[in-house]
Amino acid sequence: MAVNTTADWNDPISCPFCGDELTSPGAGFIDHIDSSADCEDGFQQWRANIAGDLAGEWSG
Ligand SMILES: [Zn+2]
């Protein structure tokens with residue numbers, strides 16, 4: 001399983017997973033992953049990584 005830890009968050013109006021332009025930072029990204037399963041999957045993995053760092057009790 002490859003987890004993309006090099007996602008580019010420096011450009012908040014583009015999806016860091018596919019590069020698509022977002023309608024807005026934040027909310028636009030949520031809408032985007034809602035309609036893109038691949039990006040949602042990437043986001044879930046990315047978020048799980050962050051959560052794993054912050055909360056040691058996180059388990060799948
Ligand atoms: Zn995307």
Side-chain angles (χ1 to χ4, degrees):
M1 182 172 68
V3 176
N4 184 5
T5 55
T6 58
D8 182 8
W9 294 96
N10 293 324
D11 188 4
I13 63 164
S14 292
C15 174
F17 301 108
C18 73
D20 260 15
E21 195 172 317
L22 304 176
T23 52
S24 67
F29 179 67
I30 300 303
D31 283 349
H32 174 70
I33 63 172
D34 224 37
S35 59
S36 174
D38 281 349
C39 296
E40 182 177 24
D41 194 50
F43 178 64
Q44 301 283 2
Q45 290 183 23
W46 173 83
R47 191 173 58 177
N49 267 0
I50 302 300
D53 286 347
L54 297 180
E57 295 179 20
W58 186 282
S59 64

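- Partners of Gln44 by side-chain hydrogen bond (donor to acceptor under 3.5 Å, both in side chains), not counting sequence neighbours, listed by chain and number: Arg47.
- Applying the side chain to side chain contact (heavy atoms under 4.5 Å, CB included) rule to Asp41 yields the partners Gln45; only residues at least two apart in sequence or on another chain are considered.
- Atoms CD1 and CG, from Ile13 and Asp20 in turn, are 12.0 Å apart once rounded to the nearest 0.5 Å.
- Under the 4.5 Å side-chain criterion, counting only non-hydrogen atoms from C-beta, Pro16 is in contact with Phe29.
- Pairs passing the side chain to side chain donor-acceptor pair (under 3.5 Å) check and including a residue from residues 31-40, sequence neighbours excluded, do not occur.
- Closest of all the heavy-atom pairs between Cys18 and Cys15 is N-SG, 3.5 Å.
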